[in-house]
A.B. asks: 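Have a look at this one.
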2 protein chains.
Amino acid sequence: MNEVKQKISACIMQRLARYYLCVQRLDSQGAVWVSSQELAAELELTSSTVRQDISHLDFSGISKRGYEVEKLKTILCGVLGLDRINPTVIVGAGNFGRALLLHRNFRENGFEIKAIFDKDPKLIGKNIESYYIQDIKNLTEVVREHKAKIGVIAVPSAAAQETADNLARAGITGILNLSTADIQVPRGCMLVHSRILLDLIRLAFYINM
Amino acid sequence: MNEVKQKISACIMQRLARYYLCVQRLDSQGAVWVSSQELAAELELTSSTVRQDISHLDFSGISKRGYEVEKLKTILCGVLGLDRINPTVIVGAGNFGRALLLHRNFRENGFEIKAIFDKDPKLIGKNIESYYIQDIKNLTEVVREHKAKIGVIAVPSAAAQETADNLARAGITGILNLSTADIQVPRGCMLVHSRILLDLIRLAFYINM
DNA sequence: TAGATTGTTAATCGATTAACAATC
DNA sequence: TAGATTGTTAATCGATTAACAATC
């Protein structure tokens with residue numbers, strides 16, 4: 001267990017992820033230095049919060065200049081677990097499954113999709129760009145072969161729990177659930193729910209004020 | 001401006017949305033009463049938090065029995081702005097756009113999708129179930145006709161800002177951005193970013209501990 | 001009635017912000 | 001040097017929890 005990471009609360013971690021995406025963009029735009037004030041403005045925070053958050057990292061800025069963009073990117077990458085390939089599989093080759101599979105952004109951040117599965121015989125074997133849809137029966141085998149750690153549930157709600165069970169049994173340790181079902185996972189497996197509906201509800205709350 | 005709603009912090013509101021999805025399920029399962037303890041267990045909170053949150057609503061429970069599921073559902077529905085149709089349009093008929101269009105869950109919660117747009121001549125006019133893909137040029141007209149309030153950006157990042165501008169100009173007041181671009185919207189327009197990549201990063205952080 | 005559960009107050013906890021010496 | 005920005009401490013703020021009288 002990483003000592004630095006243990007001191008990072010869920011709430012700080014989420015901001016670190018956002019700093020990461022921000023410095024990634026700044027870096028690609030050629031920025032060399034970024035101050036706590038600039039980061040704060042980008043993410044609608046105070047510069048105090050930014051400095052506090054960054055102080056948790058094994059990294060220092062420089063007075064008068066701020067933080068070195070490239071170094072900060074590298075440090076955040078490491079802390080967030082993005083300094084490696086995180087082999088991922090997708091279960092369900094419907095629209096959501098395909099969307100994730102083809103979205104470059106995930107791959108670019110190390111979420112390398114190793115396979116996509118479905119149980120529909122009409123879909124199995126079909127190609128999606130360089131992938132072909134595999135039979136869900138091969139899940140365990142493929143997950144082990146590729147040492148996949150992350151699994152995305154993109155099946156209809158009714159099949160979500162069964163899919164989660166299969167993923168956990170195959171050795172997946174992190175599940176992203178894009179279905180609307182509430183599912184249970186065994187200890188040692190981390191579950192994150194997609195929040196698209198919650199996001200829409202957030203919009204509904206504020207626009208109907 | 002609704003007085004009850006103004007006292008509700010963003011953090012409480014997000015939990016109210018989760019209570020809503022939970023009591024919606026309980027109701028469909030035939031549950032009549034639910035206690036703060038039960039809700040707390042479902043959402044991994046304390047019963048104190050649940051009672052505090054619900055005390056912000058114009059609604060009371062009953063000692064020894066808890067909260068009436070159906071009434072709580074109705075109240076939450078009203079507070080969250082889900083007691084009406086929230087007419088929605090989708091821009092971009094790629095996989096994400098289609099996935100949202102066909103996902104029953106959104107429609108069931110009042111996010112009635114009025115139209116889906118694209119700028120690709122090869123897609124315009126094509127059918128997706130009972131919809132046909134419309135020319136983005138008709139956006140303003142269609143948004144006004146249906147009094148659409150919510151717009152979903154499901155176009156490639158490069159076109160996201162332009163799409164946001166068009167949506168805002170057409171009178172959309174809430175935007176859900178599924179692209180990875182950082183976009184700006186005028187005052188009076190609420191912007192919510194999809195967090196799928198952030199969710200994946202959250203998984204990466206914890207599974208690589 | 002006895003017991004369970006609410007609503008609410010007060011205490012605690014943690015997150016955010018302000019402030020400022022250190023430093024480049 | 002003068003001025004800007006960090007890192008860090010202490011203060012503030014808000015969210016969560018504990019506790020308990022009221023009540024069904």
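What's counted below: heavy atoms across the whole structure, side chains too, no hydrogens, waters or symmetry copies. Within every chain, numbering begins at 1; the chains are lettered A, B, ... in the order of the sequence lines, protein sequences first and strands thereafter.
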A.B. asks: NZ of A/Lys119: more than 12 outside heavy atoms within 6.0 angstrom?
C.D. replies: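 Check fails, neighbour count at 12 or below.
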
A.B. asks: For DNA chain C, please output the secondary structure as dot-bracket, reading 5' to 3'. Pairs are Watson-Crick or G-U wobble, both atom distances under 3.5 Å; mark crossing pairs with [ ], other-strand partners with |, unpaired with a dot.
C.D. replies: ..||||||||||||||||||||||

A.B. asks: Side chains of B/Asn166 and B/Arg169 only: does a donor on one sit below 3.5 Å from an acceptor on the other?
C.D. replies: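 Side chains of B/Asn166 and B/Arg169: pair found under 3.5 Å.
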
A.B. asks: Return yes when atom CD of B/Glu70 has more than 12 non-hydrogen atoms of other residues, nucleotides or ligands closer than 6.0 Å, and no otherwise.
C.D. replies: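 No, because the 6.0 Å sphere around CD of B/Glu70 holds 12 heavy atoms or fewer from other groups.
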
A.B. asks: Tell me the interatomic distance from B/Lys64, atom NZ, to D/dT23, atom C1', rounded to whole angstroms.
C.D. replies: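 B/Lys64 atom NZ is separated from D/dT23 atom C1' by 11 Å.
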
A.B. asks: Sub-3.5 Å donor-acceptor pair from the side chain of B/Asn177 to the main-chain atoms of B/Ala181, do we have one?
C.D. replies: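 The answer is yes, because a donor-acceptor pair under 3.5 Å joins these two groups.
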
A.B. asks: In residues 26-63 of chain A, which residues come under 4.0 Å of DNA chain C by heavy atom?
C.D. replies: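 The stretch gives A/Thr46, A/Ser48, A/Thr49, A/Arg51, A/Gln52, A/Ile62, A/Ser63 as the residues lying under 4.0 Å from the strand, ordered by number.
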
A.B. asks: Could you state the atom-to-atom distance from CZ of B/Arg65 to C1' of C/dT6 in whole Å?
C.D. replies: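 Taking CZ of B/Arg65 and C1' of C/dT6, I get 13 Å after rounding.
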
A.B. asks: A quick test of your reading: do over 12 heavy atoms of other residues, nucleotides or ligands sit less than 6.0 Å from CD of B/Gln184?
C.D. replies: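 Incorrect, the count does not exceed 12.
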
A.B. asks: Between atom NE2 of B/His193 and atom CG of A/Leu21, what is the distance when rounded to the nearest 0.5 Å?
C.D. replies: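 One gets 10.5 Å once the value is rounded to the nearest 0.5 Å.
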
A.B. asks: Could A/Lys5 and B/Phe205 be counted as a cation-pi pair, given that NZ or CZ must be under 6.0 Å from the ring centre and within 45° of the axis?
C.D. replies: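 That pair qualifies as a cation-pi contact.
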
A.B. asks: Would you say B/Arg15 reaches D/dT16's phosphate, i.e. side-chain N/O to OP1/OP2 under 4.0 Å?
C.D. replies: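 Checking B/Arg15 against D/dT16: at least one side-chain N or O falls below 4.0 Å of OP1 or OP2.
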
A.B. asks: Within this structure, what is the CD-to-C1' distance between A/Gln14 and C/dA15, rounded to whole angstrom?
C.D. replies: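 Atom-to-atom, A/Gln14 to C/dA15, this comes out as 15 Å.
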
A.B. asks: Does any part of the side chain of A/Val91, heavy atoms only, come nearer than 4.5 Å to the side chain of A/Ile153, both counted from C-beta?
C.D. replies: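 They are not in contact (no side-chain heavy atoms under 4.5 Å apart), so the answer is no.
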
A.B. asks: Using a cut-off of strictly less than 4.0 Å, decide whether B/Tyr67 has a side-chain nitrogen or oxygen near OP1 or OP2 of D/dC24.
C.D. replies: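 Negative; the distance criterion is not met.
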
A.B. asks: Quickly work out the B/Ile12 CD1 to D/dT17 C1' distance and round it to whole Å.
C.D. replies: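 It is 14 Å, rounded to the nearest whole Å.
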
